[in-house]
Amino acid sequence: MSGDLIEIRGLYKYFGKLEVLKGVSCGIKKGEKIVVLGASGSGKSTMLRCMNLLEKPTYGEVWFEGNLLTPVDPYLHEDIIKSSRTFKKLISQGNADEGDMIAKIKKDDLLHEKNEGAEYSRLMKEFYKAHFLDENLARARMGMVFQHFNLFNNLTVLQNMTLAPVQLKLKTKEEATAHAMELLGKIGLTDKADCYPSTLSGGQKQRIAIVRSLCMDPQVMLFDEPTSALDPEMVGEVLDLMKRLADAGMTMIVVTHEIGFAREVADRVLFMADGVIAESGTPDEVFNNPQTERAKQFLSSVL
Amino acid sequence: MTFADKLAKLWELRGLFAESLGLSLLIAFGAVVLGFIIGVILAVIRIAPKTNPVIKVLDKIAVTYITVIRGTPTLVQLLILYNSILISFKRMPTNLLVPIIAFGINSGAYMAEIIRSGISAVDSGQLEAGRSLGLSWITTMKKIIIPQAIKTTVPTIFNEIIILVKETSVVSYIVLKVNSEQKWDLLGMAEKQGLATPACYLVFLFFAAILYLAVVMLLTALQHLIEKRLKKNER
Amino acid sequence: MKKIIVLILASVMIACCVAFAGCGKTEEKVLNVYTNAGFAPYEYLDSNGKVVGVDIDVVNYIGEKLGYKVVINDIDFNAILNEVAKDKFAVGAAGMSKKAERDELALASAVYATSIQYIIAPTGTFTGDKVALADAVAYAAGTASKSIGVQEGTTGADLVSGGIEGTDVKATEYKNAIVASQDIGSTVAAVVIDKMPAEAICKDKDNLQCWSLDAEMESYVMYFNKDNADLVNQVNTILDQMIKDGLIDQYTVKHSS
């Protein structure tokens, strides 16, 4: 909405009764490298996975390239709230200040979707129609790299890389193969093109997972603890590849524990705790001058 | 009748037994193919995310089907289908579709559960990776998940195939016709010939059992061959 | 791997096509004969896998004379009269004795053969040729099994159940007397079944012998659908002629060798 490549607004995520995200908002511009830090359970992976809709937020909206990926969240749109019966009723009861009323409605979760009247429903529908983008289409333009690599075990390396572009008719088989081999060349693994993932080391698998995503020419790459499952000697080769990617201009959001990487590569560091973004700033700001207690505690234990 | 005489009689009837064995196998394999297809469809329905209301309805139908079919004896299903729903097939000059459909429907319910557990056993990360590349749920299932599920369930599926081959031995409870002539499956033929020559009754039954054993052993060998080929694919 | 699957699918589909190829409709008159092919010499399977026997020869002759195509269906004995009741042009030909309960379900033809009940027991159990039913029951009472084997649905079964009334001897029902005779000495003491099958069973067994039971002669009839009295009349005329010409005796001799 604001020229951001990705924008998450007011994300809440419940897993049953457990509240994992408690109102997270963030905008990521094209070309930005974001590193997300935090203890386990802080919600950092969940937030990342909400960005490409692998997790569906309970409340809130996710925007990508100016398109809405989630259902419309009425609480994020003043004009929609104002068209609701609840709002109109409150105003007619003599409450003067619109702003207060809107805040109250948000705070107390007073909107009941089915009962808010025709105008409300119309606005919701119109907004949705105007901005909605199917998640599959969005995901094809985002890449994700997983902690446990998730290469397709029943396919060769080359097939892993060409499957999506060919299936989604973005490239012909020949084009996809050429692109894949070129990428494999850049990481020195062309000889593994016809091998199956089970024959590869962790470091090789993760680097191939990264280039597999690159075959789709994504606009942004999401990394979910990409080195956490690797033996120490292989962490370096994966981080190097990620650095090369960053240097080439890729927009990246990386959830990781690798502080060194954050210092070197990140434009912005987000520190998450208890389901919210507790700190946000440049690496220098966050590491050397943390504002919150939680951040200070966390950083002192890892630095 | 000496034992040698009985063996001689058995040898004389070898063509008939071979034909009957062929019939049993034809019915069994037709049922396996049908059962497998039904099983995959049901498994996918059962495992699909229940966001679509259509899926919810299909899922309930699938559960009912699986429960009812697994809960009633195969022979009962065969007899009921033969005398009701498949009645028009029954009258055809060659009515082998009746037992193939009946046994296929039966096997499908068991295959569904086997394949469903195979799918569940595939790491969820595989599906996530497929989806995160922009592939639809169905495409990911088709290209990534189901192939892997089948690999792990090969032994259990072959188990089901072996059971099915032997289950077809009840098929002579109905009248099988090939080109308007009545034919018998292996057990049926063994029994009838045994009744025609009472002294040979036991010998014929033993022979039928040996033939079934041979078929099962061949199937087991095939299973090991397939397992080896699949493992080779991963090296 | 894929090739194996394609091959299997293709062969199954081809088989089904072949199976379907025989689909056609003809308008000829058909007589659906229901029998249970485990009752030599009246109906049994020959070395070519075809149902043959005295009953089969009789229905084929009748079919030829009346211009019907004859289709033989080998089914469960107890299901025969049910099938006859469902189909106007059905015939039950299975060495069936005329019986009141059967007459309720279907229409009997004229008698075409007679029979008498026999008893099969270990060699030397009884003396003489005829055995009184009471003696048979007494013999069974003295064995460990205390049971006489019968073939379900037969008149022999009825005979035995009458004879064991008031005693502690039981009747064990089998689908077939041949199977029953395998159990003589263990589950049952003796087996009661019609003459011809009894003789066939004892023929090759040194340890078994058969005697005729001192009981009434039984008459074999064919059963027809109750709505087809016309057909029955036509059949009876032919049967009459067949008996006079000695045809049925010929058939019996042919299938008894």
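All figures in this text were calculated on a predicted structure; none of them were measured in a lab. Below, chain A is the first sequence line, B the second, and so on; all start at residue 1.
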J.: Against chain B, work out which of A/L54, A/D134, A/N136, A/V145 has the most heavy-atom pairs shorter than 4.5 Å and name it.
T.: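 Most pairs with chain B among the choices: A/N136.
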J.: Please rank A/L53, A/N150, A/L222 by heavy-atom pairs under 4.5 Å with chain B and give me the top one.
T.: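 If we count pairs closer than 4.5 Å to chain B, A/N150 comes out on top.
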J.: Are a donor atom and an acceptor atom from the side chains of A/T227 and A/Q206 found within less than 3.5 Å of each other?
T.: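 Per modelled atom types, A/T227 and A/Q206 side chains form no pair under 3.5 Å.
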J.: Side chains of A/E61 and A/T70 only: does a donor on one sit below 3.5 Å from an acceptor on the other?
T.: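 No pair is found: no donor N or O on one side chain lies under 3.5 Å from an acceptor on the other.
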J.: If you apply the rule salt bridge (charged side-chain N to carboxylate O under 4.0 Å, His left out), what do you find for A/D217 with A/K171, and how did you get there?
T.: CA-CA 11 Å; A/D217 299 318; A/K171 297 199 172 96; 3.3 Å; yes
J.: Using non-hydrogen atoms and a 4.5 Å limit, figure out which bit of A/F152 sits close to chain B: side chain, backbone, both or neither.
T.: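 Contact with chain B: backbone and side chain both.
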J.: Of all of A/M144, A/Q167, A/R139, which one pairs up most often with chain B through heavy atoms under 4.5 Å apart?
T.: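 Result: the option with the highest number of such pairs is A/R139.
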J.: Check whether the side chains of A/T256 and A/E225 place a donor and an acceptor atom closer than 3.5 Å, and report yes or no.
T.: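 Not at all, the side chains of A/T256 and A/E225 share no donor-acceptor pair under 3.5 Å.
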J.: Would you mind checking which part of B/S136 comes under 4.5 Å of any heavy atom in chain A, side chain (CB onward), backbone (N, CA, C, O), both or neither?
T.: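 Both parts, heavy atoms under 4.5 Å.
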J.: Heavy-atom cut-off 4.5 Å, strictly under: side chain, backbone, both or neither for A/E135 against chain B?
T.: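 Contact with chain B is through the side chain of A/E135 alone.
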J.: Testing the 3.5 Å rule here: is there a donor-acceptor pair between the side chains of A/S45 and A/D224?
T.: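 Short answer, yes.
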J.: What part of A/M142 gets within 4.5 angstrom of chain B, counting heavy atoms only: side chain, backbone, both, or neither?
T.: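 For A/M142, backbone heavy atoms alone lie under 4.5 Å from chain B.
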J.: Between the side chains of A/N160 and A/R212, is a donor N or O closer than 3.5 angstrom to an acceptor N or O?
T.: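 A/N160 vs A/R212: donor-acceptor pair found between side chains.
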J.: Specify which of A/L137, A/T156, A/L168, A/L155 makes the most heavy-atom pairs with chain B at under 4.5 Å.
T.: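 It is A/L168.
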